[in-house]
Amino acid sequence: MTPLVDRFDRHVTYARLSVTDRCDFRCVYCMSEDMTFLPRAQVLTLEEIHAVARAFTVLGVTKLRLTGGEPLVRRNILWLVRETARLPGLKELVLTTNGSQLERLAGPLRDAGVKRINVSLDSLDAARFRNLTRVGDLHRVLRGIEAAREAGFDRLKLNSVILKHRNEDEILDLVDFVVERGMDISFIEEMPLGLVDEHDRALAYYSSDEVRRDIETRYRLIPTTETTGGPSRYFQVADTGSRVGFISPHSHNFCESCNRVRVTVQGRLLLCLGQEHSVDLRHVLRAHPGDDARLRQAIVDSMAIKPKGHDFDLSRKVVITRHMSVTGG
Ligand code: SAM
Ligand code: SF4
């Protein structure tokens with residue numbers, strides 16, 4: 001039984017750890033064009049991140065996701081992956097990446113113990129991909145996905161953020177892409193995290209129900225009972241080995257079953273993606289180096305402030321000012 005139980009009797013068994021706020025892309029919904037990244041002293045060292053991962057697993061967390069920023073641009077990331085994968089009690093170590101470094105790192109990541117990978121891909125058109133990521137090279141990412149398929153991960157999944165008038169006409173192409181390769185895909189509604197001035201989020205909103213309607217013009221979707229305790233709902237694509245997920249923070253509330261927390265690369269333990277309730281683990285790590293019991297106690301105590309739910313509202317002018325790259329998507 002996990003000691004991580006909050007006031008609403010939700011059991012926390014899943015933690016997402018951001019390993020860097022830096023990235024080699026500048027996706028329009030995630031970052032501004034001229035991002036200022038954190039000074040090194042504010043960023044947890046790999047050893048500190050590992051201490052946090054260890055504390056969570058001792059406290060009953062069975063699934064860890066490494067994310068960012070782009071996790072694969074952090075130097076020596078393979079050391080962290082290897083050491084984390086070995087932690088007793090951990091059932092699943094997974095990673096979310098933009099795929100730019102996968103051609104080189106897919107095999108080593110698999111060998112180091114990563115079970116599953118999510119690759120973010122919003123367009124199969126090179127010019128559009130460049131436009132959405134501002135700098136990304138589609139062909140490099142596609143080569144990365146091939147390398148990941150060859151490396152033999154348990155499952156490979158694409159994550160696609162759908163924006164109206166930008167890529168909503170590619171939904172079927174993206175589903176075809178995963179079906180042909182036996183992969184899965186999750187479609188994500190854009191969340192109001194960080195100020196982005198490139199587009200109006202309310203105007204770009206394309207709901208999961210619209211995405212589903214588009215897919216059902218070609219494919220039959222069979223609902224599954226599978227849940228990861230988050231905002232995703234999953235469907236089997238009939239007569240294929242693929243699944244489609246919908247991550248719908250706006251149109252479907254998921255907070256009652258929330259089983260997760262996040263740690264930013266500054267060591268801020270965030271109890272909810274859409275709220276600011278947090279605990280400063282970096283302070284605990286640096287004021288009491290090596291004191292794992294104190295670190296665990298800080299995590300256990302944080303359960304008292306896990307909020308009931310998020311409060312996303314696209315019409316509000318005030319948004320959570322943390323960018324997704326800092327929070328860890
Ligand atoms: N760089 C990696 C990547 O792109 O996969 C990992 C970090 S990224 C922040 C994690 C996921 O968050 C990506 O799938 C990205 O598309 C998604 N994301 C970023 N900003 C978002 C936003 N404002 N709303 C919804 N999803 C967002
Ligand atoms: Fe980088 Fe991922 Fe954010 Fe795109 S979504 S800018 S790849 S962190």
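Numbering of ligands and ligand atoms starts at 1, following listing order.
Salt-bridge annotation for Asp280 and Arg268: absent, with no side-chain N of the basic residue lying under 4.0 Å from a carboxylate O of the acidic one. Between Lys157 and Asp184, none of the side-chain N atoms (NZ, or NE/NH1/NH2) sits under 4.0 Å from a carboxylate O, so this pair counts as no salt bridge. Salt-bridge check for Arg128 with Glu170: passed, with a basic side-chain N closer than 4.0 Å to an acidic carboxylate O.
Residue contact check for ligand 2: Gly69 places a non-hydrogen atom closer than 4.0 Å to it.
In terms of polar-atom proximity, Ile188 is not counted as a contact of ligand 1, lacking any N or O under 3.5 Å from an N or O of the ligand. Where the criterion is an N or O separation shorter than 3.5 Å, residue side chain and backbone included, Thr96 fails it with respect to ligand 1. For ligand 1, none of its N or O atoms has an N or O atom of Thr67 under 3.5 Å away. Here's the thing with Glu190: none of its N/O atoms is less than 3.5 angstrom from an N/O atom of ligand 1. Some N or O of Ser120 is nearer than 3.5 Å to an N or O of ligand 1, by distance alone.
When heavy-atom distances to ligand 1 are checked against a 4.0 Å cut-off, Met31 has no atom that comes that close, whether in backbone or side chain. Contact annotation for Asp122 and ligand 1: no heavy atom of the residue comes within less than 4.0 Å of the ligand. Within the 4.0 Å heavy-atom criterion, both parts of Cys27, backbone and side chain, lie near ligand 2.
Atoms of ligand 1 lying under 4.0 Å from any heavy atom of Val161, numbered from 1 in the order shown and given with element: 16 (O), 26 (N). Every atom of ligand 1 is numbered from 1 in the order shown, and the set under 4.0 Å from a heavy atom of Glu189 is 25 (C). Within ligand 1, counting atoms from 1 as listed, the ones closer than 4.0 Å to a heavy atom of Thr97 are 2 (C), 3 (C), 5 (O). Distances below 4.0 Å separate heavy atoms of Phe25 from the following atoms of ligand 2: 6 (S), 7 (S). Residue-ligand proximity, Met191 to ligand 1, at heavy-atom distances under 4.0 Å covers atoms 22 (C), 23 (N), 24 (N), 25 (C). Within the listing of ligand 1, atoms 23 (N) sit less than 4.0 angstrom from a heavy atom of Arg201. Heavy-atom proximity to Gly68, at under 4.0 Å, picks out these atoms of ligand 1: 7 (C), 9 (C).
A salt bridge (Lys or Arg N to Asp or Glu O under 4.0 Å) with Glu92 is found for one member of Lys115, Arg155, Arg116 and no other, namely Arg116.
Side-chain rings of Phe187 and Tyr206 stay apart, their centers remaining 6.0 Å or farther from each other.
Take Val284 and apply the side chain to side chain contact (heavy atoms under 4.5 Å, CB included) test, not counting sequence neighbours, and it matches Arg294, Leu295, Ala298.
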Original post:
Please walk me through it: do Tyr219 and Asp176 pass side-chain hydrogen bond (donor to acceptor under 3.5 Å, both in side chains)?
Top reply: CA-CA 10 Å; Tyr219 292 100; Asp176 289 347; 2.5 Å; yes
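Judged purely by distance below 3.5 Å, without hydrogens or angles, the side chains of Gln101 and Asp24 pair a donor atom with an acceptor atom. Judged purely by distance below 3.5 Å, without hydrogens or angles, the side chains of Arg10 and Ser257 never pair a donor atom with an acceptor atom. Side-chain N/O atoms of Ser207 and Glu189 include no donor and acceptor closer than 3.5 Å.
The salt bridge (Lys or Arg N to Asp or Glu O under 4.0 Å) pairs that include a residue from residues 135-146 are Glu103-Arg143, Glu146-Arg149, Glu146-Arg181, where partners are two or more places apart or lie in different chains.
Comparing Cys27, Gly136, Gly69, Cys30 against atom 1 (N) of ligand 1, the shortest heavy-atom distance belongs to Gly69.
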